[in-house]
Amino acid sequence: MKRVVVGLSGGVDSSVAAYLLQQQGYEVIGLFMKNWHDDSVTISNECPWLEDSNDALLVAEKLGIPFQTVDLSEEYKEKIVDYMFNEYEKGRTPNPDVLCNREIKFDVFMKIALSLGADYVATGHYCQKSEIEVDGKPVYQLIAGNDVNKDQSYFLCQLSQDQLSKALFPIGALTKPEVREIAAEMELVTAEKKDSQGLCFIGKVRLPEFLQQKLQPKDGKIVQIDKNDPIYTIEKTAGISLEEELKLEARKLDYLPTMGKVVGKHQGAHYFTVGQRKGLNVGGTTDPLFVIETDVETNTIYTGLSSNHPGLFKKALFVGKSEVHWVREDLALKAGEKMEVMARIRYRQPLQKAILHQFEDGMYVQFEEPQSAITEGQFVAWYLGNELAGSGVIS
């Protein structure tokens, strides 16, 4: 009998995952991960993790499976929270959920599970796994979840073959309504529970306030750049190489405060992210203002009017060599090779047609249509059909 440890989060998805595994004849153990208990940086008095661990315990009791809580807050602080503050300070926008899966759930947590004699670790993610043979060896595929609205393969885009080999995603073939239905039939306490929002660790915390507790506010200017500014005319130089052309398409524009008019003040460029329109507090504009670039060196935020401002769009992005990650290592490109894929640069984004171009020092992802708000520090993930083949950090 194979033993599987389920990360019970106190939500409906992981509850149903545990039940389904039980039905499939696994010996199931429930583990709740406590990732955060630094009371100095929470905002509400609601203590989500207590409530969640309690719900997880009730589900385990209902299913008659062993249950325990593991405290991973130290590892979490070091691998996720400190990393986030670091990235924000550099003016980048990290994705804690992707990192949490790579560094915590399928690393620290997985090691604990394996030390308990588990053969597998299971989570309530909406994604699927399948196995094929390449050169006589098993290769694992990360496949999108069947529920198009809920597919979470993007959050698992940094997993390795080794991690995938020991992972199970019991609800990947189901839709959210089907999962809720099973939970209701089984009278699980989590059946009607709302989906958790916000960062995967602090519950109901708003990011700017969270950041303000570590990153000092400092006054800076909000500068508005005209959509007809000459910076947006790329001179097509004849006879440049493909790599140089891609470099142009992916380049970070060098804005200067003198290029536009000052329309407001802000409390720190590192609190803002490209594409953001809330929280600028600039009134009296005909269209909403969007952040098109932040500069933490000069502490300036550059903005543009409306969602089709040219400063928001780029046709290509670059991923440094060390940041290119193939889930399917057997498909990795060599320098000079290219591949047609479907790609996304954020979780809910519909897949976009793109071409991967691998060079010596990294990879360019060139999109068929220009993409809005390509954000440094976020992940680009690429798919072949419904299989997530690889990903990388946008540089």
Side-chain angles (χ1 to χ4, degrees), residues 4-21 32-33 35 52 56 80 93-107 109-110 120-130 140-161 163-183 190 193-203 325-328 341-352 375 378-393:
V4 56
V5 166
V6 183
L8 283 180
S9 66
V12 67
D13 299 329
S14 60
S15 307
V16 171
Y19 166 69
L20 292 172
L21 290 166
F32 177 83
M33 277 175 275
N35 288 335
D52 289 342
I80 311 295
T93 307
N95 188 316
D97 296 301
V98 171
L99 284 166
C100 182
N101 285 315
R102 182 183 81 190
E103 302 284 342
I104 303 292
K105 289 180 192 155
F106 292 94
D107 187 6
F109 183 74
M110 188 173 253
Y120 298 104
V121 162
T123 60
H125 282 104
Y126 286 85
C127 70
Q128 304 175 81
K129 167 180 130 173
S130 57
Y140 299 95
Q141 297 175 288
L142 180 60
I143 309 284
N146 270 354
D147 187 333
V148 186
N149 296 314
K150 274 285 170 195
D151 166 40
Q152 289 175 312
S153 55
Y154 176 81
F155 290 131
L156 300 163
C157 68
Q158 286 278 297
L159 295 194
S160 65
Q161 280 294 309
Q163 289 170 313
L164 259 185
S165 71
K166 301 183 184 69
L168 294 176
F169 308 113
I171 63 167
L174 301 173
T175 63
K176 187 80 189 199
E178 288 170 326
V179 167
R180 288 212 184 272
E181 207 173 300
I182 292 171
T190 53
K193 193 167 173 181
K194 284 218 299 282
D195 290 355
S196 62
Q197 288 300 319
L199 294 179
C200 65
F201 61 101
I202 344 180
H325 171 79
W326 288 89
V327 177
R328 286 286 303 277
V341 296
M342 300 296 281
R344 57 167 54 110
I345 53 172
R346 58 182 75 87
Y347 165 47
R348 300 292 304 208
Q349 187 193 26
L351 287 168
Q352 310 286 317
T375 309
Q378 291 276 310
F379 290 88
V380 55
W382 52 88
Y383 292 73
L384 298 167
N386 63 353
E387 175 183 2
L388 194 160
S391 66
V393 181

Is there a donor-acceptor contact under 3.5 Å from the side chain of [X] to the main chain of [Y]?
X      : Y      : answer
Gln378 : Pro94  : yes
Gln349 : Ile345 : yes
Gln158 : Leu156 : no
Lys129 : Ser165 : yes
Lys105 : Val121 : no
Asp97  : Phe155 : no
His325 : Leu159 : yes
Glu387 : Ala144 : no
Gln152 : Cys127 : no
Asp147 : Thr175 : no

Do you know the tightest heavy-atom contact between [X] and [Y]?
X      : Y      : answer
Val16  : Ala183 : CG2-CB, 3.8 Å
Leu8   : Ser14  : CD2-O, 3.5 Å
Thr123 : Phe106 : CG2-CZ, 3.7 Å
Thr190 : Arg180 : O-NH1, 4.1 Å
Lys166 : Met110 : CB-CE, 3.6 Å
Glu178 : Leu174 : OE1-CA, 3.3 Å

Compare all side-chain heavy atoms of [X] with those of [Y] and state whether any distance is below 4.5 angstrom.
X      : Y      : result
Tyr120 : Leu21  : no
Asn386 : Gln128 : no
Phe379 : Val393 : yes
Trp382 : Trp326 : yes
Lys176 : Asn149 : no
Phe169 : Asp13  : no
Tyr347 : Val98  : no

[atom2] on [Y] to [atom1] on [X], rounded to 0.5 Å:
X      : Y      : atom1 : atom2 : value
Arg102 : Asn95  : CZ    : CG    : 11.0 Å
Arg346 : Tyr154 : CZ    : OH    : 8.5 Å
Ile182 : Ser15  : CD1   : OG    : 11.5 Å
Gln163 : Tyr140 : CD    : OH    : 13.5 Å
Gln141 : Leu388 : CD    : CG    : 11.5 Å
Asp107 : Ile104 : CG    : CD1   : 7.5 Å

* Is the closest side-chain donor-acceptor distance between Thr375 and Thr93 under 3.5 Å? -> no
